There are 2 protein chains.
Amino acid sequence: MARSEASEERRAVIIAAAVRVLAREGITETTTRKIAAEAGANQAMISYYFGGKDELLYAVLQEMMRRTGEIARASLPTPQRFGEALAGAVEAFWAHVEQAPELQVMQYELTLYALRHPESAWLAQRQYAGYCAIVADLIHEVSMATGEPTAEPPDALARFIVGGLDGLILQFISDHDVARAHGDLRRLIAAALALALARGASAPSAIGDAVAEQP
Amino acid sequence: MARSEASEERRAVIIAAAVRVLAREGITETTTRKIAAEAGANQAMISYYFGGKDELLYAVLQEMMRRTGEIARASLPTPQRFGEALAGAVEAFWAHVEQAPELQVMQYELTLYALRHPESAWLAQRQYAGYCAIVADLIHEVSMATGEPTAEPPDALARFIVGGLDGLILQFISDHDVARAHGDLRRLIAAALALALARGASAPSAIGDAVAEQP
DNA sequence: ATCATTCATTCAATCGTTTGATTGAAGCGC
DNA sequence: GCGCTTCAATCAAACGATTGAATGAATGAT
């Protein structure tokens, strides 16, 4: 299957080029010609490898979902106390948001675009379900490891965190206020912990620890 | 100024038509021809009244911001306890989200579109600043009226609530899960109250009241 | 009161451009 | 020479914008 390997690489090159064009120009200004030019390929190759523009955009969205999932998963191997584990994972994710906000803008554009077409609406749903599942797993594992049960179910806490991050991202891509975002991120983590440990034994101190600024 | 009145009404008709087309077809499928047909007007009228397609879209976004601001402002005239005031306002707003989710999808598309162009990026910033200011005012007024000071500054709490709502809206337009959204909304309000009243005197009971399901 | 002029508004028709997609021939490793 | 890959060239369709003429209400001069 030497052909398939080369084909997969060609697809990856085109997808990477599409990501750059989409992030730079926005979804309404992105054309198959610009993508082909960015990839150093002919325009006809898009139809050849993906069937059409829509299918390429869906492939790009799936690639972004995969990348984000990797990032989210990459920052959870340290079983520690509840507050530190959650704060560490969320802040690691936020570093990637700050590093390339254009990619977040692009991802929202693609998600809304997929939501518009019946054949791809499931992508948007799977995106949120996937992120929430990762966070819920993290919560569940840490909860098990530390023996601290959560006051709210892990999947509800996960949706709270993922949704809260979405809100922070939307504000951040609008005003690019790094300092404010960090403060709001700290409050989001504190709120999530308050929900998770509400009326629990060690709640007050855990919240206090998480709310404290970094050194 | 009889001319101006007629002109303003014509503009409003075109904007209303643009809202319908945008909500129905999405921003990438919206054309000046479709908008003109929907408005029962000639295509040239868009250039005549707005200058171009972009300016019309910006006008639509501003109109949506105005409507949302009205909705947000409409549900705060009852000075009561902190928990009820906040929960009431947020749930009143959510009713409008549930009633017409397509408008929310459209508004995100327009916001991201405005964010792409330097001449209109300020619109996206003013949108969030405006919503946050309304919520911050609500918090500040209720805080003054009840004599309960907030543990976190009102503008920070406002950003937390607006951002949290954004996250909930994004999930809701993806899966349309009404029941789950209500549960998540309840948790969001509880979390906001926990932030507002953290370590305060009447905090525990107030949180408990707000967290309780409706009858 | 009458008529000429001005001005904002509306329209069908068309402008030049750009779009996504396709064609048929050429390239090329096997 | 066969099958997968690449390309320049081209397709019809749709795009935003503009044109110049037609409409009719307001204005001012006589």
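As the structure is a prediction and not an experimental result, all values here were calculated from the model. Numbered from 1 within each chain, the chains take letters A, B, ... in sequence-line order. Quick note: numbers below take in every heavy atom, side chains included, and nothing from hydrogens, waters or symmetry partners.
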Could you walk me through whether B:Met106 and B:Ile27 pass side chain to side chain contact (heavy atoms under 4.5 Å, CB included), step by step? CA-CA 7 Å; B:Met106 182 195 75; B:Ile27 196 170; over 6 Å; no
Listing, residues 11-25 of chain A side-chain donor-acceptor contacts under 3.5 Å, not counting sequence neighbours, or none:
from	atom 1	to	atom 2	distance (Å)
A:Arg11	NH1	A:Tyr49	O	3.0
A:Arg20	NE	A:Glu38	OE2	2.7
A:Arg24	NH2	A:Glu38	OE1	2.5
A:Arg24	NH2	A:Glu38	OE2	3.4
A:Glu25	OE1	A:Lys34	NZ	3.1

Taken to the nearest whole Å, CD1/A:Ile46 to C1'/C:dA21 is 11 Å
Numerically ordered, the residues 13-24 of chain A set in heavy-atom contact under 4.0 Å with DNA chain D is none
In whole Å, what is the span from the CZ atom of B:Phe50 to the P atom of D:dG16? 15 Å
Note every stem involving DNA chain C: at least three consecutive Watson-Crick or G-U wobble pairs, i with j then i+1 with j-1, with both distances under 3.5 Å. C:1-30 with D:1-30
With a non-hydrogen cut-off below 4.0 angstrom, is A:Ser47 in contact with a base, only sugar-phosphate, or nothing? base
Determine yes or no for a side-chain-to-main-chain donor-acceptor pair under 3.5 angstrom, with A:Ser120 supplying the side chain and A:His117 the backbone. yes
Just jot down the side-chain contact (heavy atoms from CB on, under 4.5 Å) partners of A:Asp177, sequence neighbours excluded, or say none. A:Asp175, A:Ala179, A:Arg180
How long is the line joining NZ of B:Lys34 and P of D:dA17, in whole Å? 16 Å
Taking only residues two or more places apart in sequence or in another chain, which ones pass side-chain contact (heavy atoms from CB on, under 4.5 Å) with A:Glu98? A:Trp94, A:Phe172, A:Val178, A:His182
Show your reasoning for whether salt bridge (charged side-chain N to carboxylate O under 4.0 Å, His left out) applies to A:Arg73 and A:Glu70. CA-CA 5 Å; A:Arg73 247 183 294 266; A:Glu70 259 186 16; over 6 Å; no
Here the residues of residues 105-124 of chain B within 4.0 Å heavy-atom distance, strictly under, of DNA chain D are none
Under 4.0 Å between a Lys/Arg side-chain N and an Asp/Glu carboxylate O for A:Glu29 and B:Arg116? no
Listed partners of A:Glu119 passing salt bridge (charged side-chain N to carboxylate O under 4.0 Å, His left out), at least two apart: none
Residue pair A:Gln127 / B:Ser174, side-chain heavy-atom distance below 4.5 Å: no
Under 3.5 Å, which donor-acceptor pairs do the side chains of residues 158-169 of chain A form with other protein atoms, sequence neighbours left out?
from	atom 1	to	atom 2	distance (Å)
A:Arg159	NE	B:Asp184	OD1	3.4
A:Arg159	NE	B:Asp184	OD2	2.8
A:Arg159	NH1	A:Asp155	OD2	3.1
A:Arg159	NH2	B:Asp184	OD1	3.1
A:Asp166	OD1	A:Tyr108	OH	2.3
A:Asp166	OD2	A:Tyr128	OH	3.4

For residues 46-58 of chain A, which residue pairs qualify under salt bridge (Lys or Arg N to Asp or Glu O under 4.0 Å), counting only residues two or more places apart or in two chains? none
Residues two or more places apart in sequence or in another chain: which of them pass side-chain contact (heavy atoms from CB on, under 4.5 Å) with A:Ser143? A:Phe82, A:Thr150
From CG of B:Leu56 over to P of D:dG16, roughly how many Å is that when rounded to an integer? 11 Å
Using whole Å, report how far CD of B:Glu9 lies from P of C:dT9. 13 Å
Applying a 4.0 Å non-hydrogen cut-off, can you work out what B:Thr30 is touching in the nucleic acid: base, sugar-phosphate, or nothing? sugar-phosphate
Its contact letters, B for base, S for sugar-phosphate only and - for none at protein heavy atoms under 4.0 Å, make nucleotides 6-13 of chain D read BBB-----
Would you indicate, yes or no, if C:dT19 has its OP1 or OP2 atom less than 4.0 angstrom from a side-chain nitrogen or oxygen of A:Thr32? no
Taking only residues two or more places apart in sequence or in another chain, which ones pass side-chain contact (heavy atoms from CB on, under 4.5 Å) with B:Ala100? B:Glu102, B:Leu103
Looking only at side-chain N and O atoms, does B:Gln43 offer a donor or acceptor that is under 3.5 Å from a partner on B:Thr32? yes
note: A:Glu29, atom CD; D:dC15, atom P; distance rounded to Å ~ 15 Å
